[in-house]
Student: 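Next up is a structure, given as structure tokens.
Just so we're on the same page: letters track the sequence lines, and every chain starts at 1.
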Amino acid sequence: MKPLPYEVMQEGGVPIKSWTLGVPFEEEARAQLRNISQMPFIHKWVAAMPDVHLGKGATIGSVVPTLGAVIPAAVGVDIGCGMMAVRTSLSAPQLPDNLAGVRSAIERAVPHGRTGGFRGKRRRDKGAWENPPDDALAGWAPLAAQFELLKEKHPVLKNTNNINHLGTLGTGNHFIEMCLDEQGSVWLMLHSGSRGVGNRIGTYFIEKAKRDMELWHIHLPDSDLAYFPEGTEHFDDYVQAVEWAQEFACINREVMMARTIGAVKQALGTDFEARMEAVNCHHNYVSREHHYGRDVLVTRKGAVRARVDEMGIIPGSMGAKSFIVRGLGNEESFCSCSHGAGRVMSRTKAKKQVSLEEHRAATADVECRKDEGVIDETPSAYKPIEKVMAAQKDLVEIVYTLKQVVCVKG
DNA sequence: ATGTTC
């Protein structure tokens, strides 16, 4: 008999199938998944991807199919976070030896980094538009009417960043890269989500669900598993808001990609074709899908959908390879794959343990930040991506293997 | 991840 390509755990609830053979899988993440598996509305089982690790609220790298309920913390606050990549007609020999100019052109074209401005001192906010450019305004057009309705219904959204965050990168593990594939084609790839407004929507509904649980005296193994039952007003409100935030995130990536393409053309003084092969996929989101005969809501937090022939992106850390993949439509994973390498070290631990020299060596061939502020993103803070890819051979096949030459971080 | 902060 062929050995199973995944590990199975079951304690009281539904099974947990984990595509984690040969990769680290911490006990804290297992415990978090066991809690999810106890919920009475999980369809069939919970799936864990090879980049699985402990997350705030819900496990990163989890796929949770639910019947008649949704858990807002299982989606998280970075609603619609995901990846976009395009292959260009440029090839490696057309690039200059020094890519500093390309990096700074991208940095000028796309706001990135921490929101500035402290009480008393008004500093310019590096992470948002002061005046959104025309392409951001155009991207906002299809979002505007629905946002007015959301604001009316949920006044908490009134003072959030919204249009001024459309086409902006953010911080942390959000990035923009120029990569080369194994044939020498140049790719542009980026990672970002729904920024301030999606965060506010996520936080607001997670709190709302927790209050509902208290109101109805429903006790949970973990308060972050608070849910909205289908048929309630809050369920409908959440689904509507989360879908809007997912759309915002998708358009955010498109606007940034167009601006990045423009910046690279300008920096190189060359025109080229882009979007020859474009992929834009969420990895923190909820979607209505059909699995094993039922209409379900599938929540993927740190997981990518991988239906038959569906294209996805699995990025490695800032010094590692990334992969453009094609889904194999493996139903047992609810047609899913990992969203990256997955952390092995918390941000705090990485900052304490990894030296600047080590970080510089690990990113020697990349035009990127080499300062203390990015140590929490250093390659050794992540699982080895090759092992992560090996553990999901039955979920996706690799179409392109990319290696970054430029990396912009917020 | 974001926003706010002493």
Student: Write down the distance between CG (A:Asn199) and P (B:dA1), rounded to a whole number of angstrom.
Tutor: 10 Å
Student: Please report the distance, rounded to the nearest Å, between OH in A:Tyr204 and C1' in B:dT2.
Tutor: 18 Å
Student: Rounded to the Å, how far apart are A:Asn284 CG and B:dA1 P?
Tutor: 10 Å
Student: Does A:Thr171 place a side-chain N or O at less than 4.0 Å from the phosphate oxygens OP1/OP2 of B:dT2?
Tutor: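 Affirmative; the distance criterion is met.
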Student: Given atom CG of A:Asn159 and atom C1' of B:dT4, what is their separation to the nearest angstrom?
Tutor: 14 Å
Student: Send over the distance from A:Gln246 CD to B:dA1 P, rounded to a whole Å.
Tutor: 18 Å
Student: Can you tell me the distance, in whole Å, between the CG atom of A:Leu157 and the P atom of B:dG3?
Tutor: 13 Å
Student: Does A:His165 put a side-chain nitrogen or oxygen below 4.0 Å from OP1 or OP2 of B:dT2?
Tutor: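 False: A:His165 side-chain N/O out of range (4.0 Å or more) of B:dT2 OP1/OP2.
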Student: Can you name the residues that form a side chain to side chain donor-acceptor pair (under 3.5 Å) with A:Thr260, not counting sequence neighbours?
Tutor: none
Student: For a quick check, tell me whether the side chain of A:Arg200 and the base of B:dG3 share a donor-acceptor pair closer than 3.5 Å.
Tutor: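 Answer no: no donor N or O sits under 3.5 Å from an acceptor.
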Student: Could you tell me how far apart A:Ile60 (CD1) and B:dA1 (P) are, to the nearest whole angstrom?
Tutor: 9 Å
Student: Pull out every residue in residues 77-86 of chain A that has a heavy atom closer than 4.0 Å to any atom of DNA chain B, ordered by number, or say none.
Tutor: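 Contacts with DNA chain B under 4.0 Å: A:Val77, A:Asp78.
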Student: Do NZ/NE/NH1/NH2 and the carboxylate oxygens of A:Lys403 and A:Asp365 come within less than 4.0 Å?
Tutor: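 Result for this pair is yes, salt bridge flagged.
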Student: Can you tell me how far the CD1 atom of A:Ile314 sits from the OG atom of A:Ser322, to the nearest 0.5 Å?
Tutor: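 Taking CD1 in A:Ile314 and OG in A:Ser322, the distance rounds to 9.5 Å.
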Student: Is any side-chain N or O of A:Arg114 closer than 4.0 Å to OP1 or OP2 of B:dG3?
Tutor: no
Student: Would you mind telling me which of B:dG3, B:dT2, B:dA1 lies closest to the side-chain atoms of A:Asn161?
Tutor: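 Given the options B:dG3, B:dT2, B:dA1, the side chain of A:Asn161 is closest to B:dG3.
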Student: Under the side chain to side chain donor-acceptor pair (under 3.5 Å) rule, collect the residues that match up with A:Glu107, sequence neighbours excluded.
Tutor: A:Arg103
Student: Who are the salt bridge (charged side-chain N to carboxylate O under 4.0 Å, His left out) partners of A:Glu358, not counting sequence neighbours?
Tutor: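 Partners of A:Glu358 under the salt bridge (charged side-chain N to carboxylate O under 4.0 Å, His left out) test: none.
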Student: Under the rule for ring-ring contact (aromatic ring centres under 6.0 Å, His included), what residues qualify as partners of A:His359, not counting sequence neighbours?
Tutor: none
Student: Separation of A:His174 atom NE2 from B:dG3 atom P, in whole Å?
Tutor: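 From A:His174 NE2 to B:dG3 P: 12 Å.
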Student: Please list, chain by chain and in numerical order, all residues satisfying side chain to side chain donor-acceptor pair (under 3.5 Å) with A:Thr363, sequence neighbours excluded.
Tutor: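 For A:Thr363 the side chain to side chain donor-acceptor pair (under 3.5 Å) partners, ignoring immediate neighbours, are A:Lys370.
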